[in-house]
Asks: 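Following this message is one structure expressed as structure tokens.
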Protein chains: 2
Amino acid sequence: MRTDTTFKRAFNDMIDLLRTFDPGAELPSENALRAQLGVSRTTVRKVLASMSARGVIVSEAHGRIMREHPQQIERYPKEETLAISQQVETSFMEWMLRDNACPGTEINEAELARKFGVATTIVREFLNRFQKYGLIEKRQNAGWVFKGFTANFALELFEIREMFEMRSARLFASLPDSSPIWKQVRAMRAAHLELLADIDARFQDFSELDSRFHRLIATVAPNRFVESFQDVIAIVFHYHYQWNKRDERTRNEVAIREHLALIEALESRNIASIDQACRAHLTSARETLLRSIA
Amino acid sequence: MRTDTTFKRAFNDMIDLLRTFDPGAELPSENALRAQLGVSRTTVRKVLASMSARGVIVSEAHGRIMREHPQQIERYPKEETLAISQQVETSFMEWMLRDNACPGTEINEAELARKFGVATTIVREFLNRFQKYGLIEKRQNAGWVFKGFTANFALELFEIREMFEMRSARLFASLPDSSPIWKQVRAMRAAHLELLADIDARFQDFSELDSRFHRLIATVAPNRFVESFQDVIAIVFHYHYQWNKRDERTRNEVAIREHLALIEALESRNIASIDQACRAHLTSARETLLRSIA
DNA sequence: CGTATGTTTCTTATGTATAAAAAACGAGGG
DNA sequence: CCCTCGTTTTTTATACATAAGAAACATACG
């Protein structure tokens, strides 16, 4: 049966939300909370009931009042707030990347389901979605084959990435000053400089910034297929580097500097510089990935 | 419970296979048949048993003998040889393209399952796989949204297609004479000329030839993401034009001539001609699609 | 011993069940 | 009438069940 991860996530979020109110304050309506927590009213009511039961809030004639800041209420642990399908993604990635599964390995739905402790339906659904990442292949009336997280995979991935990214980057040259994207570019530069200043402590934050940076570049010429491909890149980098920490700090610092160079090139509107900076970064990222695979 | 479409398909194939034997001939071993029919031995045995029951073949001490050509045995109808998941694809495409679903329409798994007369699991699985075609989008804990088979969709599709196809086509210029692909190119030209000669009768065969032609061009630089994108193109064209027959004959004849021009350009090894022919064809294909959508 | 068939076991394709979440419906109160 | 809240209905996420199909094992025969 369905897990109540949505409720638990909303419950945790509600704790944070309550911190922004003063003790004794009247809470917003269920509908307002629904919008803020991003869940249905049904779930909001469940959270409210749960909070009431713990005495954090009390129902009055005219609505609900927060009694006190929920200091000692326990949050639900992170794992319990993730839908089973998301947990399966992590489990699978771990199996694939950490256990170093060999190219050509047969993937068995039933076996994975047992190993991960979930229903076969979920594994099946995950594999169907995962297919688009190009790492597995289905065989008629039989299981799947793992094609391997290989150098070849990396090369094919970067071949497409280069096509897509060069196309977007070049478009910046002809973007008018008035385009709102320049503001975002400046903000992006600031975020990079900030991270760079504190690189020793925060180098792990780079992965997410990286993804945001490349997605921003892609937005100049919106295309659903390009966006979908960004998901492929994001998931590969996210999980691969999560379990592959060699030279992480250096690697990220280099990438940040390359990003900054590209930002400068974009702002210069000079096609040649843009080309050069973009290609330099992609080449470097590709080599880094290849080195970590070999 | 699982349907026996695999058996029915194998049964039909077996009828064709038996036609190639003489009456009284001894049949190949179960294992040999398995390889020829492309199914498991379990299914082969089921087919053999079924054929025996109908008296077409008899078991002897030393194997099986075909008694007579299976003239009056009835084949299973085509629909019964398609897995439910494939039928759902057709049903969904029909709903989307023929019923002209509006952009923004909410897709309801349960409702579709009822409408198509299948289990919700299947619909869910289909939608997950179908997501990669860029026509639907999932919303957290809710259904899906149909983004519409719109002009925008066509434009984004062709933008990627042009990038991919120009890349491949250009590579032909530097391909050595010795490459085995030239032979395939010549065969492809022959197939086109043949179809052109008989265009009035066979113009419906173009769709499949078209797909093969573009896939052939892509094989010069194999890339799983490009290949996967060919599936997108193939499915879109296959279904869209299946229910959109306006000017079909003319449309296909034009495309064949464009293909022939491109083949000639490829063989010339002249980058400029290749570029020109390739772009001309893609532009024309795009305009045709756009016209049929509007 | 290698190949062909009979038998058993395991996996996949598909249907059904159900708790959780979302959405729709309804009734009061400003 | 619009908003808020209580209630009912519908849908989704997940588990489980089972026939069809694949694969592994076993036996027999040349």
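Order of the sequence lines fixes the chain letters, A, B, ..., with proteins taken first and strands second; residue numbering starts at 1 for each chain.
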Asks: How long is the line joining CG of A:L127 and P of C:dA13, in whole Å?
Replies: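 Distance, rounded to whole Å: 11 Å.
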
Asks: Nearest-Å distance, CG (A:L33) to P (D:dC3)?
Replies: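 Rounding to the nearest Å, CG of A:L33 and P of D:dC3 are 16 Å apart.
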
Asks: Any luck finding a side-chain donor-acceptor pair between A:E109 and A:W144 under 3.5 Å?
Replies: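 On atom types as modelled, these side chains qualify, holding a pair under 3.5 Å.
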
Asks: Take B:F116 and B:I84 through the test side chain to side chain contact (heavy atoms under 4.5 Å, CB included) and record every step on the way to the result.
Replies: CA-CA 10 Å; B:F116 299 162; B:I84 300 273; over 6 Å; no

Asks: May I have the distance from A:N128 (atom CG) to C:dT14 (atom P), rounded to whole angstrom?
Replies: 12 Å

Asks: If a protein heavy atom is under 4.0 Å from the base, mark B; if only from the sugar-phosphate, S; if neither, -; do that for nucleotides 16-25 of chain C going 5' to 3'.
Replies: B--BBSBBB-

Asks: Rounded off to whole Å, could you give me the CD-to-C1' distance for the B:E111 and D:dT9 pair?
Replies: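 The distance from CD of B:E111 to C1' of D:dT9 comes to 15 Å, rounded to the nearest Å.
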
Asks: Below 4.0 angstrom from OP1 or OP2 of C:dT11, is there any side-chain N or O of A:R114?
Replies: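 Yes, because at least one side-chain N or O of A:R114 sits under 4.0 Å from OP1 or OP2 of C:dT11.
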
Asks: Parallel, tilted or perpendicular: which fits the ring planes of A:F164 and B:F164, with parallel below 30° and perpendicular above 60°?
Replies: parallel

Asks: So, OP1 or OP2 of D:dT14: does either fall under 4.0 Å of a side-chain N or O from A:S85?
Replies: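 Answer yes for this pair, as a side-chain N or O of A:S85 is under 4.0 Å from OP1 or OP2.
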
Asks: I want to verify a distance call: between D:dC5, D:dT14, C:dA4, whose nearest atom is closest to the A:E30 side chain?
Replies: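 For A:E30, the side-chain atoms sit closest to D:dC5.
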
Asks: In whole angstrom, give the distance that lies between atom CG of A:L27 and atom P of D:dT4.
Replies: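 For the pair A:L27 CG and D:dT4 P, the rounded distance is 13 Å.
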
Asks: Check this one for me: any side-chain N or O of B:R124 less than 4.0 Å away from OP1 or OP2 of D:dT11?
Replies: no

Asks: Between B:P28 and B:I84, which has a closest nucleotide on DNA chain C that is more 5'?
Replies: B:P28

Asks: Could you state the atom-to-atom distance from CG of B:N31 to C1' of D:dA24 in whole Å?
Replies: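 It works out to 13 Å between those atoms.
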
Asks: In terms of the nearest nucleotide of DNA chain D, which residue is placed more toward the 5' end: A:V118 or B:W144?
Replies: B:W144

Asks: If the threshold is 4.0 Å, N to carboxylate O, is there a salt bridge linking A:E125 and B:R124?
Replies: yes

Asks: Quickly work out the A:F116 CZ to D:dT14 C1' distance and round it to whole Å.
Replies: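 Answer to the nearest Å: 17 Å.
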
Asks: Nearest to the side chain of B:N108, heavy atoms from C-beta on, is which of D:dT12, D:dT4, C:dT5?
Replies: D:dT12

Asks: To the nearest Å, how far apart are B:F126 CZ and C:dA13 C1'?
Replies: 16 Å

Asks: Check the surroundings of atom CD in B:E137: do more than 12 heavy atoms from other residues, nucleotides or ligands lie under 6.0 Å from it?
Replies: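 No.
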
Asks: Which sits closer to the 5' end of DNA chain C, B:L82 or B:S29, going by the nucleotide each is nearest to?
Replies: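 Counting from the 5' end, the first nearest nucleotide belongs to B:S29.
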
Asks: Flag yes if more than 12 heavy atoms outside A:R129 fall under 6.0 Å of its CZ atom; otherwise flag no.
Replies: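 It does: A:R129 CZ has more than 12 such atoms within range.
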
Asks: Take a 6.0 Å sphere around CZ of A:R224 and say whether it holds more than 12 heavy atoms from other residues, nucleotides or ligands.
Replies: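 More than 12 heavy atoms, drawn from other residues, nucleotides or ligands, come within 6.0 Å of this atom.
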
